[in-house]
Amino acid sequence: MAVFDGRNGRSAMKAVVVHGVSDLRVDTVDEPGRCPPESVVVEVDYGGICGSDLHYVAHGAAGTSVLRHPMILGHELAGRIAATGEPVTVHPGTSCGECRYCRGKLAHLCERMRYLGSAAYDPHTDGGFVRRKIVPVNQIRPLPASVDLRSAAVCEPLGVAIHAVGRAGDLTGKSVLVNGAGPIGALVVAAARHAGAERVYAADIAEAPLRIAKALGAHETIDASTAAELPEVEVAFEASGSPAGLTNVIRWLPRRATLVQVGNLPAGGANVDLSPLISREISYLGSFRFDTEIADAVRLLADGLDVSPLLTHVFDVDEAEKAFAVARDRVGGAGKVLLDFTRERSSP
Ligand SMILES: [Zn+2]
Ligand SMILES: [Zn+2]
């Protein structure tokens, strides 16, 4: 992370930086320098705040990635190529192209994956919560003019949702439960509908996320804090990451059901009753990020998927701290919270 000191003759721009636990700042950093070959400068218009961004601020870690020095956050981006004005989103992952997973067309599981705004490696990979960001051309995904840039900021989490749906196999005609109706859960609802699920239930312990899930296509919503039982579905997606929520989902799954874990469970262990997995032969699958599905996400938006009910808040970059506080408060009605960089001076 290049802190601005003015000595290299470059201009400055704002960046949303996590310095440690509960220490989020809007810092001034250097504008990007000379663009390396096969890369472009992206002028970021909107950045979506993700659960992992919130985790870095709340705990100084996201899953097993522990923050060791300040890092620019952000991996859900939409903007324009600075030189041409072409609207784009960004695939946040840089895979090595050489490990067995890359060679096996599972690049998202790359052993040396670098991900924007991730502390998986030291030094960390700075994210895209800045006005101008150098991005390798092979991570650029052009957007059709019909997709507005606020909606396009959800291409990354929508890719996560489409990947999770793909892990469950063919959903055509199936009954589906999505447990946890935060941004990922709500997008899994939309992706499951698109994949042909016949009946999609969304469950959450708060009312506001259920309203969003309904707007994104859930046939029925369930208040998991009061419901006596969950519906018997063929496929369930656990998107809450709550051990109690997971235990409850497993408790109501019928025999031979498929359960996809897409919400991040607490690292270091959780108290979950997995015993029914055996006697009911439940297939329990993990789902991590996505590979090519960001292209499917762009296509879904281009085809008219309306994610606007999910986009509940937009904050100027200067209000990042407030934006993060709102994003944390799901019970209060926050869906996807966006940071707006468009008022940052666009070039030096
Ligand atoms: Zn994300
Ligand atoms: Zn690799």
Side-chain angles (χ1 to χ4, degrees), residues 46-54 74-78 89-93 108 141 143 147-168 171 174 176-197 200-204 206 208-221 235-242 245 260-264 285-314 327 330 333-338:
Y46 297 101
I49 298 173
C50 180
S52 63
D53 298 316
L54 296 174
H75 58 268
E76 304 181 0
L77 310 173
T89 186
V90 173
H91 190 313
H108 67 294
R141 298 291 179 274
L143 296 166
V147 177
D148 81 280
L149 287 179
R150 289 184 181 197
S151 300
V154 307
C155 283
E156 195 268 356
L158 183 54
V160 171
I162 295 170
H163 182 72
V165 162
R167 290 287 282 148
L171 289 190
K174 292 204 171 141
V176 168
L177 168 70
V178 180
N179 188 60
I184 291 290
L187 292 168
V188 169
V189 166
R193 284 292 306 268
H194 182 77
V200 178
Y201 303 87
D204 201 288
L210 289 176
R211 278 198 302 270
I212 296 171
K214 183 116 204 172
L216 282 160
H219 295 99
E220 218 173 296
T221 58
V235 178
F237 297 90
E238 208 302 304
S240 76
S242 139
V260 177
Q261 186 69 41
V262 60
N264 266 314
L285 304 168
S287 185
F288 186 55
R289 294 178 179 157
F290 56 86
D291 183 14
T292 57
E293 290 91 342
I294 194 166
D296 305 322
V298 171
R299 210 169 307 123
L300 268 189
L301 293 177
D303 287 350
L305 171 65
D306 180 12
V307 294
S308 60
L310 179 62
L311 308 177
T312 53
H313 298 78
V314 184
R330 292 188 44 247
K336 181 56 75 182
V337 177
L338 300 181

Are any of the side-chain heavy atoms of Leu187 and Val160 separated by less than 4.5 Å? no
So do the side chains of Ile162 and Val188 get within less than 4.5 Å of each other, counting heavy atoms only? no
If the threshold is 4.0 Å, N to carboxylate O, is there a salt bridge linking Lys336 and Glu76? yes
Test your reading of the model: is there a side-chain donor-acceptor pair from Arg193 to the backbone of Gly217, 3.5 Å cut-off? yes
Quick check: closest heavy atoms across Gly185 and Val178, and the distance to 0.1 Å? O-CG1, 3.5 Å
Closest approach of Ile212 and Ala186, non-hydrogen atoms and distance? CG2-CB, 4.1 Å
On a heavy-atom basis, the closest approach of Ala153 and Pro157 is O-CD, 4.0 Å
Val176 side chain reached by Phe237 side chain, heavy atoms, under 4.5 Å: yes
Non-hydrogen atoms of Ala152 and Leu301 that approach each other most closely: CA-CD1, 4.0 Å
side-chain contact (heavy atoms from CB on, under 4.5 Å) test vs Cys155 passes for just one of Val298, Leu300, Val307, namely Val298
Show, in sequence, the C-alpha distance, side-chain angles and deciding distance for Leu143 and Leu149, and conclude whether the side chain to side chain contact (heavy atoms under 4.5 Å, CB included) test is met. CA-CA 9 Å; Leu143 296 166; Leu149 287 179; 3.6 Å; yes
What residue among Ile184, Asp296, Leu305, Thr89 forms side-chain contact (heavy atoms from CB on, under 4.5 Å) with Leu158? Leu305
Would a line drawn from the ring center of Phe290 to the ring center of His91 be shorter than 6.0 Å? yes
Any chance you could measure His163, atom NE2, to Ile294, atom CD1, to the nearest 0.5 Å? 13.0 Å
Going from CG on Leu54 to OG on Ser52, what distance comes out if it is rounded to the nearest 0.5 angstrom? 8.0 Å
Validation row: Asp291, Glu293 side chains within 4.5 angstrom (heavy atoms): yes
Given side chains that start at C-beta, do those of His75 and Cys50 come closer than 4.5 Å, heavy atoms only? yes
Taking every heavy atom of Gly74 against every heavy atom of Asp53, the minimum-distance pair comes out as N-OD1, 3.3 Å
Check whether any side-chain heavy atom of Asp204 lies under 4.5 Å from a side-chain heavy atom of Ser240, and answer yes or no. no
Between Glu238 and Val262, is a side chain to side chain contact (heavy atoms under 4.5 Å, CB included) present by the stated rule, with each step listed? CA-CA 6 Å; Glu238 208 302 304; Val262 60; over 6 Å; no
Check this for me: His219, atom NE2, are more than 12 non-hydrogen atoms of other residues, nucleotides or ligands nearer than 6.0 Å? yes
So do Val154 and Pro183 actually touch side chain to side chain, heavy atoms under 4.5 Å? no
Here the gap from Ile49 atom CD1 to His313 atom NE2, rounded to the nearest 0.5 Å, amounts to 10.5 Å
Here the gap from Ser151 atom OG to Asp306 atom CG, rounded to the nearest 0.5 Å, amounts to 7.0 Å
Can you see which heavy atom on Ala181 is nearest to which on Ala213, and at what distance? CB-CB, 3.9 Å
What distance separates Ser287 OG from Arg167 CZ, expressed to the nearest 0.5 Å? 6.5 Å
Taking the side chain as every heavy atom from C-beta outward, state whether Tyr201 and Asn179 have any pair of such atoms under 4.5 Å apart. no
If I take atom CZ from residue Arg299 and atom CZ from residue Arg141, how far apart are they, to the nearest 0.5 angstrom? 11.5 Å
